[in-house]
Undergrad: 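Please read through the structure below; I'll follow up with questions.
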Amino acid sequence: MSTQTPQAIRGTQDIFGPDAEAFAFVVETFERVRKLYRFRRVEMPVFEKTAVFSRSLGETTDVVSKEMYSFEDRGGESLTLRPEFTAGIARAFITDGWQQYAPLKVATHGPLFRYERPQKGRYRQFHQIDAEVIGAAEPQADVELLVMADQLLKELGIADGVTLQLNTLGDGASREAWRTALIDYFRAVKGDLSEDSQDRLERNPLRILDSKDPRDKVFTAQAPKIDDFLSDEAQDFFAKVTGGLNAAGVAWTRAPALVRGLDYYRHTAFEFVTDRLGAQGTVLGGGRYDGLMEALGGAATPAVGWAAGIERLAMLVGERNPRRLNVAIVSEARSTDQLAWNLGLSLRRRGLSSAVWAEGAPRKRFDKAVKENPQLVLVLDDKAVSERTIAVMRVRSLTTGNLVDEELAQRVIETLDSLKLWAAPKPTIEHGRELELEYDILA
RNA sequence: GCGACCGUAGCUCAGCUGGUUAGAGCGCCGGUUUGUGGUACCGGAGGUCGGGGGUUCGAACCCCCUCGGUCGCCCCA
């Protein structure tokens with residue numbers, strides 16, 4: 001490690017190779033699915049005035065006070081790198097007149113920033129996909145969002161081992177009554193709770209419910225349930241969400257301890273969870289945030305949404321390799337370099353991927369090309385000029401032992417023909433490992 | 001903010017209870033098989049053993065500090 005070279009910032013990542021392919025696969029799949037559900041793409045600023053986040057999240061929370069990347073710009077204004085998408089989208093909804101499109105379905109993805117200690121699946125710059133429905137008070141919006149998330153996970157091929165945990169926080173009144181009951185309940189046994197939970201009792205009592213400490217679990221099982229505090233309307237809302245999921249065939253389990261710390265969350269809260277990512281098990285999470293718009297100074301507007309970490313989804317997807325190279329072109333002589341480059345271009349213009357080897361020791365170019373595991377290798381050497389032939393080799397797949405398909409070979413032959421560099425093509429195809437095409441090169 | 005573990009060539013790692021010029025595989029560069037061909041063989045370049053201090057006749061190995069990484073706690077919008 002040279003001390004001269006600046007190091008990457010802690011918690012940032014340089015994503016490359018199969019990991020980057022997995023990342024791209026997640027984004028591509030999200031884009032495809034989001035279009036199926038007619039969510040409109042939006043691009044949002046990476047930073048906002050700090051107030052956008054501090055007012056939506058609450059000034060005093062840990063989140064705002066120590067986990068945001070905030071700084072002053074040259075005009076002395078406090079700005080913050082976005083720690084989430086929702087607040088910025090809500091701000092745009094108010095300031096850009098998006099009310100006229102309500103109910104508005106939007107989707108985006110990109111980097112987010114949180115100042116926290118990195119660990120598995122948690123980074124300081126991380127990336128999320130995000131979907132929101134703004135201006136829809138109906139439970140059908142919640143259902144549609146969840147069904148879309150379910151389809152996304154299935155199309156990513158990672159639905160096995162991922163379960164949808166679902167809860168309701170009720171409306172504002174039910175939520176407050178439940179919270180009061182929880183405080184009363186835990187205060188009575190305060191001395192027996194873990195130190196962390198004694199602290200949480202004052203700051204964030206709902207969080208005691210998902211404490212990992214065995215001392216707390218003794219009490220959490222018997223703690224008051226939200227169901228006992230739900231208004232008729234809130235019960236009805238939740239029933240419509242669960243009914244919609246059942247009708248759509250989306251499996252879910254009730255998670256009474258699933259809570260949200262922030263006050264603007266109402267009704268539905270959900271997380272898709274796996275046990276395959278260590279301590280960071282939530283793969284996709286969201287809920288209904290009917291109280292947010294008012295917190296930002298806008299008109300009361302119901303809304304619901306979710307977000308998912310691309311890195312975590314990519315980890316579940318596993319390493320992905322780019323599509324196999326269609327055609328490798330090996331130029332083994334100076335005189336064939338230009339021909340090799342021309343061939344490469346022509347193949348790409350016809351939609352076939354190609355790569356040209358014309359550098360380094362001529363004798364090793366073939367070996368290097370073959371290591372890329374191409375479907376087909378074209379070899380150009382002095383013979384290609386003097387005897388007017390090009391050797392074309394089909395390469396056996398290293399993993400499956402299969403030969404490339406005839407269709408690709410045909411497309412390459414057509415490409416060679418279309419170049420009109422040759423007259424009277426006489427391809428001879430031998431069955432077996434190699435095939436050789438003989439072309440007469442025009443003088 | 002707290003804790004545990006880790007830090008040796010570009011990459012993955014070995015290096016026994018501290019003992020002579022620090023090793024392997026892969027990768028890279030060059031060469032051999034005078035060859036129509038993938039896996040073989042030979043050679044080469046490349047390391048202030050994260051950094052600093054200490055103990056010792058002697059430290060990659062022990063101690064302290066520091067920087068960095070990994071995982072977990074807190075937090076999780």
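Source: prediction; values computed, not measured. Here is how names work: the chains are called A, B, and so on, in the same order as the sequence lines, proteins then strands, and each is numbered from 1.
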Undergrad: Please give the nucleotide sitting opposite B/rG44 as a Watson-Crick or G-U wobble pair, both distances under 3.5 Å, or none.
TA: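 Here B/rG44 is engaged in a pair, and the nucleotide opposite it is B/rC28.
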Undergrad: Using whole Å, report how far CD of A/Glu116 lies from P of B/rG72.
TA: 13 Å
Undergrad: In terms of ring plane angle, is the pair A/Phe47 and A/Phe71 parallel, tilted or perpendicular, where the classes change at 30° and 60°?
TA: parallel
Undergrad: NA contact type, A/Gly278, heavy-atom cut-off 4.0 Å: base, sugar-phosphate, or nothing?
TA: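 Since only primed, P, OP1 and OP2 atoms lie under 4.0 Å of A/Gly278, the category is sugar-phosphate.
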Undergrad: Please compare A/Leu277 and A/Ala8 by the position of their nearest nucleotide in RNA chain B and report the one closer to 5'.
TA: A/Ala8
Undergrad: Whether the side chain of A/Asp290 engages the backbone of A/Pro302 through a donor-acceptor N/O pair (distance < 3.5 Å, no angle test) should be reported.
TA: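 Side chain of A/Asp290 to backbone of A/Pro302: no pair is present.
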Undergrad: Please check the phosphate of B/rC76 (OP1 and OP2 only) for any side-chain N or O of A/Asn204 closer than 4.0 Å.
TA: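 For A/Asn204, the contact criterion (side-chain N or O under 4.0 Å from OP1 or OP2 of B/rC76) is met.
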Undergrad: Give the rounded distance in Å between these two atoms: CD of A/Gln7 and P of B/rG69.
TA: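 Checked: the CD to P distance equals 8 Å.
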Undergrad: Should B/rC2 form a Watson-Crick or G-U wobble pair with both distances under 3.5 Å, which nucleotide is its partner?
TA: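 Paired with B/rC2, as far as the under-3.5 Å criterion goes, is B/rG72.
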Undergrad: Taking the P atom in each of B/rG31 and B/rG68, what is the distance between them to the nearest angstrom?
TA: 44 Å
Undergrad: Using only heavy-atom distances, decide whether a donor-acceptor pair under 3.5 angstrom links the side-chain of A/Arg114 to the base of B/rA77.
TA: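 Looking at the base of B/rA77, it does pair with a donor or acceptor on the side chain of A/Arg114 (distance under 3.5 Å).
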Undergrad: RNA chain B: A/Met68 or A/Ile9, which has the more 5' nearest nucleotide?
TA: A/Ile9
Undergrad: Do any side-chain nitrogens or oxygens of A/Gln119 fall under 4.0 Å of OP1 or OP2 in B/rC71?
TA: no
Undergrad: Output the single nucleotide from B/rG72, B/rA77, B/rC76 whose closest atom is nearest the side chain of A/Arg117.
TA: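 Of the options given, the side chain of A/Arg117 lies nearest B/rG72.
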Undergrad: For the side chain of A/Pro83, counting heavy atoms from C-beta on, which of B/rC71, B/rA77, B/rC76 is nearest?
TA: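 The answer is B/rA77.
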Undergrad: Any side-chain donor-acceptor pair under 3.5 Å between A/Tyr69 and A/Gln125?
TA: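 Short answer, no.
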Undergrad: What I want to check is whether the side chains of A/Thr108 and A/Asp130 have a donor and an acceptor closer together than 3.5 Å.
TA: no
Undergrad: When the C1' atoms of B/rC6 and B/rG46 are considered, how many whole Å apart are they?
TA: 25 Å
Undergrad: In this structure, how many angstroms lie between the P atom of B/rC75 and the CZ atom of A/Arg124, rounded?
TA: 18 Å
Undergrad: Calculate the interatomic distance between A/Phe53 atom CZ and B/rC76 atom C1'; express it in whole Å.
TA: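 Atom-to-atom, A/Phe53 to B/rC76, this comes out as 16 Å.
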Undergrad: Partner lookup for B/rC57, please. Criteria are Watson-Crick or G-U wobble with both distances under 3.5 angstrom; report none if nothing qualifies.
TA: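 Here B/rC57 is engaged in a pair, and the nucleotide opposite it is B/rG19.
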Undergrad: Mind calculating the distance between CG (A/Asp14) and C1' (B/rG10) to the nearest angstrom?
TA: 15 Å
Undergrad: Pick the P atom in B/rC74 and in B/rG52, then give their distance to the nearest Å.
TA: 38 Å
Undergrad: Output yes when at least one side-chain N/O atom of A/Arg207 is less than 4.0 Å from OP1 or OP2 of B/rC75, else no.
TA: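 For B/rC75, neither OP1 nor OP2 has a side-chain N or O of A/Arg207 closer than 4.0 Å.
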Undergrad: If you only use heavy atoms from C-beta on, which nucleotide in B/rG68, B/rC73, B/rC75 is closest to the side chain of A/Arg10?
TA: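 The answer is B/rG68.
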Undergrad: Can you tell me which nucleotide in B/rC74, B/rG37, B/rA77 comes closest to the side chain of A/Glu332?
TA: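 Comparing B/rC74, B/rG37, B/rA77 against the side chain of A/Glu332, the answer is B/rG37.
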Undergrad: Would you classify B/rG51 as syn or anti? Syn applies when the glycosidic angle is within 90° of 0.
TA: anti
Undergrad: Any salt bridge linking A/Arg323 with A/Glu21? Criterion: basic side-chain nitrogen under 4.0 Å from a carboxylate oxygen.
TA: no
Undergrad: Polar-atom pairs under 3.5 Å, protein N or O versus N or O of nucleotides 30-33 of chain B: list them with distances, or write none.
TA:
unit_1, atom_1, unit_2, atom_2, d
B/rG31, N7, A/Lys364, NZ, 3.3

Undergrad: Write down the partner of B/rU36 under the Watson-Crick or G-U wobble criteria, each distance required to be under 3.5 Å.
TA: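 Looking at the geometry, B/rU36 pairs with no nucleotide.
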Undergrad: Report the distance from atom OH of A/Tyr123 to atom C1' of B/rU70, rounded to the nearest whole Å.
TA: 10 Å
Undergrad: Just to be sure I understand the rule, does A/Arg200 reach a base, reach only the sugar-phosphate, or reach nothing, if contact means heavy atoms closer than 4.0 Å?
TA: sugar-phosphate
Undergrad: Under 4.0 Å: is that the gap between some side-chain N or O of A/Lys66 and OP1 or OP2 of B/rC75?
TA: no
Undergrad: Report yes or no: is the cationic atom of A/Arg40 (NZ for Lys, CZ for Arg) under 6.0 Å from the centre of the six-membered ring of A/Tyr101, at an angle within 45° of the ring normal?
TA: yes
Undergrad: Going through the checks in order, is the side chain to side chain donor-acceptor pair (under 3.5 Å) test met by A/Arg41 and A/His109?
TA: CA-CA 9 Å; A/Arg41 178 76 200 191; A/His109 87 272; 3.1 Å; yes
Undergrad: Select base, sugar-phosphate, or nothing to describe what A/Arg82 touches, counting heavy atoms under 4.0 Å on all strands.
TA: nothing
Undergrad: Looking at B/rC76, B/rA77, B/rG72, which one has an atom nearest to any side-chain atom of A/Tyr265?
TA: B/rA77
Undergrad: Mind checking if A/Leu57 touches a base, just sugar-phosphate, or nothing, with heavy atoms under 4.0 Å?
TA: base
Undergrad: Does the Lys NZ or Arg CZ of A/Arg124 fall within the cation-pi geometry relative to A/Tyr115 - under 6.0 Å from the ring centre and within 45° of the axis?
TA: yes
Undergrad: Stepwise, does the side chain to side chain donor-acceptor pair (under 3.5 Å) test hold for A/Arg348 with A/Ser354?
TA: CA-CA 6 Å; A/Arg348 290 166 192 153; A/Ser354 69; 3.0 Å; yes
Undergrad: From CZ of A/Phe16 over to C1' of B/rG10, roughly how many Å is that when rounded to an integer?
TA: 12 Å
